[in-house]
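First the proteins, then the strands, lettered A, B, ... as listed; each starts at 1.
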2 protein chains.
Amino acid sequence: MQSYTEENYLKTIYHLAEKTINVQTNAIAEQMQTKPASVTDMIKKLADKGLVDYIKYQGVTLTEIGKNTAIDIVRKHRLWEVFLVDKLNFKWDEVHDVAEELEHIKSIELIERLDEFLGFPKADPHGDPIPDKNGRFAKTQFIKLIELKIGDQGTITGVTQHSSAFLKHLEKLGLTLGKKIQISDVTDFDGSVEILLSDKQVNISREVAKHILISSNGKN
Amino acid sequence: MQSYTEENYLKTIYHLAEKTINVQTNAIAEQMQTKPASVTDMIKKLADKGLVDYIKYQGVTLTEIGKNTAIDIVRKHRLWEVFLVDKLNFKWDEVHDVAEELEHIKSIELIERLDEFLGFPKADPHGDPIPDKNGRFAKTQFIKLIELKIGDQGTITGVTQHSSAFLKHLEKLGLTLGKKIQISDVTDFDGSVEILLSDKQVNISREVAKHILISSNGKN
DNA sequence: AAAAATTTTTAGATTTACCTAAAAATAAAA
DNA sequence: TTTTATTTTTAGGTAAATCTAAAAATTTTT
Ligand SMILES: [Mn+2]
Ligand SMILES: [Mn+2]
Ligand SMILES: [Mn+2]
Ligand SMILES: [Mn+2]
């Protein structure tokens with residue numbers, strides 16, 4: 001059984017490991033809003049428990065057990081987010097912090113029944129895949145909106161930024177999950193992108209375009 | 001903002017205060033499954049925070065703020081219990097431990113929306129009243145089944161014991177909330193009570209009868 | 001290959017929530 | 001009203017998760 005804190009470390013390491021093989025102490029510290037010295041302490045503890053492999057100065061990787069534990073926490077987090085949005089009518093930008101707490105409730109029965117109650121959803125309100133009870137989920141192969149060319153079409157299926165400010169911004173522009181879009185122009189000056197929606201046309205900054213994921217329906 | 005632990009102490013003191021004015025250190029320790037010395041430490045801390053009034057060797061009482069905080073935790077606990085039973089199909093004997101964790105999730109918005117989602121229930125699966133968002137609830141005036149006389153009728157509306165063993169036992173006997181009963185006999189030998197249900201007749205021990213609450217529909 | 005910069009670890013403290021053992025206060029019995 | 005029993009508090013310590021400051025290792029630059 002892991003503590004609330006250990007679980008948060010495992011989840012953070014899991015997400016960071018999606019970018020780099022060996023996860024660095026400083027990266028964990030930044031993500032967890034703590035100090036590198038504290039991270040070193042915790043890494044040693046997790047290594048003792050067999051949840052991470054650790055070589056001094058070389059960063060950490062999750063062991064099989066550590067990875068499974070992390071995936072289970074991610075599963076809980078995303079299922080609770082679905083609950084909050086689908087059942088309690090929260091907006092997609094309001095659910096993260098509460099799910100951050102709910103993900104630590106320890107009851108296998110609870111989460112399996114919640115999964116069933118929600119109809120075994122495949123993705124959370126931000127388009128992220130929800131692992132099943134065996135930890136399996138489809139590795140979604142999305143393309144970043146920023147990488148699309150003029151004329152390309154697709155459907156918004158995810159975001160890589162979960163801050164309330166960012167999500168509210170998308171909401172206001174009408175860029176929500178499931179919306180079909182087409183790139184109508186890319187500005188030379190600042191790289192901002194002009195997007196054609198069914199009813200209107202919106203302009204988004206390069207920065208925003210970086211964090212939107214598109215499932216492409218083929219070129220043009 | 002209180003810690004998980006402080007909240008549990010406040011809730012325990014609140015429940016104990018329903019029996020005695022001044023709550024004793026040892027009573028808290030027993031309820032919290034901890035040592036009296038630890039209780040003294042925590043009491044001092046709660047007193048410093050203005051959540052309890054405390055005189056050395058004289059026990060504690062909740063301040064207005066402390067009481068409101070406790071009631072809010074009780075509200076959360078009971079609402080989550082309703083959720084688990086009504087929405088996730090848990091049995092009434094399976095919900096306590098999970099609710100014990102869920103009650104500490106800190107989000108006013110969450111609990112208000114949950115309340116609404118559940119249809120503003122007035123009582124939890126054990127018949128205990130659910131405080132509204134202002135902390136108000138009807139002081140239910142139930143009588144213990146053990147106090148009924150032969151011929152008395154009533155409806156089961158609560159229990160004063162939440163252990164799984166006890167609740168499963170009641171379930172098996174068909175003694176669930178809302179059931180109408182009539183006392184058909186009280187055994188001299190061991191004080192056990194014979195109860196008439198709509199369809200059958202069951203015999204319960206004195207000990208069981210002590211923990212069932214009845215809303216009486218008048219004598220005989 | 002040194003020097004400089006960055007990253008990471010150690011050393012030593014702090015805070016929270018516990019504990020045991022012993023002392024002090026209060027309540028009950030003789 | 002002593003003596004005895006019970007309750008409660010203090011004293012001193014532990015473990016988890018932090019922190020700051022300084023030392024050590026690694027990486028990058030010159
Ligand atoms: Mn978390
Ligand atoms: Mn999400
Ligand atoms: Mn609790
Ligand atoms: Mn209950």
Side-chain angles (χ1 to χ4, degrees), chain A residues 1-14 16-17 19-62 66 69-70 73 100-101 103-104 106, chain B residues 1-17 19-62 66 69-70 73 100-101 103-106:
Chain A
M1 189 98 303
Q2 287 77 228
S3 72
Y4 184 109
T5 310
E6 286 166 349
E7 288 187 351
N8 281 335
Y9 270 94
L10 289 175
K11 196 180 63 161
T12 296
I13 294 166
Y14 174 77
L16 289 170
K19 306 230 160 191
T20 51
I21 311 289
N22 274 44
V23 180
Q24 297 192 121
T25 303
N26 273 4
I28 299 170
E30 189 186 17
Q31 196 67 33
M32 301 271 311
Q33 312 225 70
T34 184
K35 296 287 137 65
S38 304
V39 174
T40 303
D41 286 345
M42 180 56 81
I43 282 173
K44 283 179 183 167
K45 188 178 167 191
L46 295 175
D48 284 346
K49 290 195 174 190
L51 296 165
V52 299
D53 290 319
Y54 167 57
I55 306 166
K56 263 191 192 179
Y57 291 100
Q58 303 302 125
V60 287
T61 54
L62 291 170
T69 307
I73 301 156
E100 205 60 45
E101 288 189 60
E103 72 189 0
H104 302 290
K106 285 172 187 45
Chain B
M1 189 98 304
Q2 287 78 228
S3 73
Y4 183 109
T5 309
E6 287 166 349
E7 288 187 350
N8 281 334
Y9 270 94
L10 289 176
K11 197 180 63 160
T12 295
I13 294 166
Y14 174 75
H15 286 310
L16 289 170
K19 305 233 160 189
T20 51
I21 310 290
N22 274 44
V23 179
Q24 297 192 121
T25 303
N26 273 4
I28 299 170
E30 188 186 19
Q31 194 67 31
M32 301 271 310
Q33 311 225 67
T34 186
K35 297 285 136 74
S38 304
V39 174
T40 302
D41 286 347
M42 180 56 79
I43 281 173
K44 283 179 184 167
K45 189 175 165 192
L46 294 175
D48 284 347
K49 290 194 173 190
L51 296 164
V52 299
D53 290 319
Y54 168 56
I55 306 166
K56 266 190 192 180
Y57 292 99
Q58 303 303 124
V60 287
T61 53
L62 292 170
T69 307
I73 300 156
E100 205 58 46
E101 289 189 59
E103 71 190 1
H104 302 290
I105 303 293
K106 284 172 188 41

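Under 4.0 angstrom from either OP1 or OP2 of D:dT6 there lies no side-chain N or O belonging to B:N26. At D:dT9, one or more side-chain N or O atoms of B:T25 fall inside 4.0 Å of OP1 or OP2 (strictly under the cut-off). Residue A:Q24 has a polar side-chain atom (N or O) positioned under 4.0 Å from OP1 or OP2 of C:dT8. Side-chain nitrogen and oxygen atoms of B:Y54 include at least one within less than 4.0 Å of the OP1 or OP2 phosphate oxygen of D:dT9. Between B:K44 and D:dT9 there is no side-chain N or O to OP1 or OP2 distance below 4.0 Å. Phosphate contact (OP1/OP2 of C:dC18, side-chain N/O of B:K35, threshold under 4.0 Å): absent. Look at B:K56 and you won't find any side-chain N or O under 4.0 angstrom from OP1 or OP2 of C:dA24. Here A:T5 does not reach the OP1 or OP2 of D:dA16: none of its side-chain N or O atoms lies under 4.0 Å away.
Comparing A:Q58 and B:V39, the nucleotide of DNA chain D nearest to each residue sits closer to the 5' end for B:V39. With the nearest nucleotide of DNA chain D identified for both A:M42 and A:Y57, A:M42 has the one nearer the 5' end.
With rounding to whole Å, B:Q2 atom CD is found 20 Å from C:dT15 atom P. Straight-line distance from the CD atom of B:E6 to the C1' atom of C:dT15: 12 Å, rounded to whole Å.
Under the side chain to side chain contact (heavy atoms under 4.5 Å, CB included) rule, A:L51 has a single partner from A:I13, A:L10, A:I43, which is A:L10.
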Map every base of DNA chain C to its dot-bracket character, where paired means a Watson-Crick or G-U wobble contact with both distances under 3.5 Å and | marks a partner outside the strand. ||||||||||||||||||||||||||||||
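We find the CD-CG distance between B:E6 and B:L46 to be 6.0 Å, quoted to the nearest 0.5 Å. Between atom CD of residue B:E100 and atom CG of residue B:N8 there is a gap of 5.5 Å, rounded to the nearest 0.5 Å. For the atom pair CD (A:E30) and CG (A:N26), the distance works out to 8.5 Å, reported to the nearest 0.5 Å.
Between A:P36 and A:A29, the shortest heavy-atom distance links the atoms N-CB, 3.7 Å.
Among the heavy atoms of the strands lying under 4.0 Å from A:S38 is at least one base atom, whether or not backbone atoms are also near. Here A:T40 lies in heavy-atom contact (under 4.0 Å) with a base.
Closest to the side chain of B:P36, from the set C:dA11, D:dT8, C:dC18, is D:dT8.
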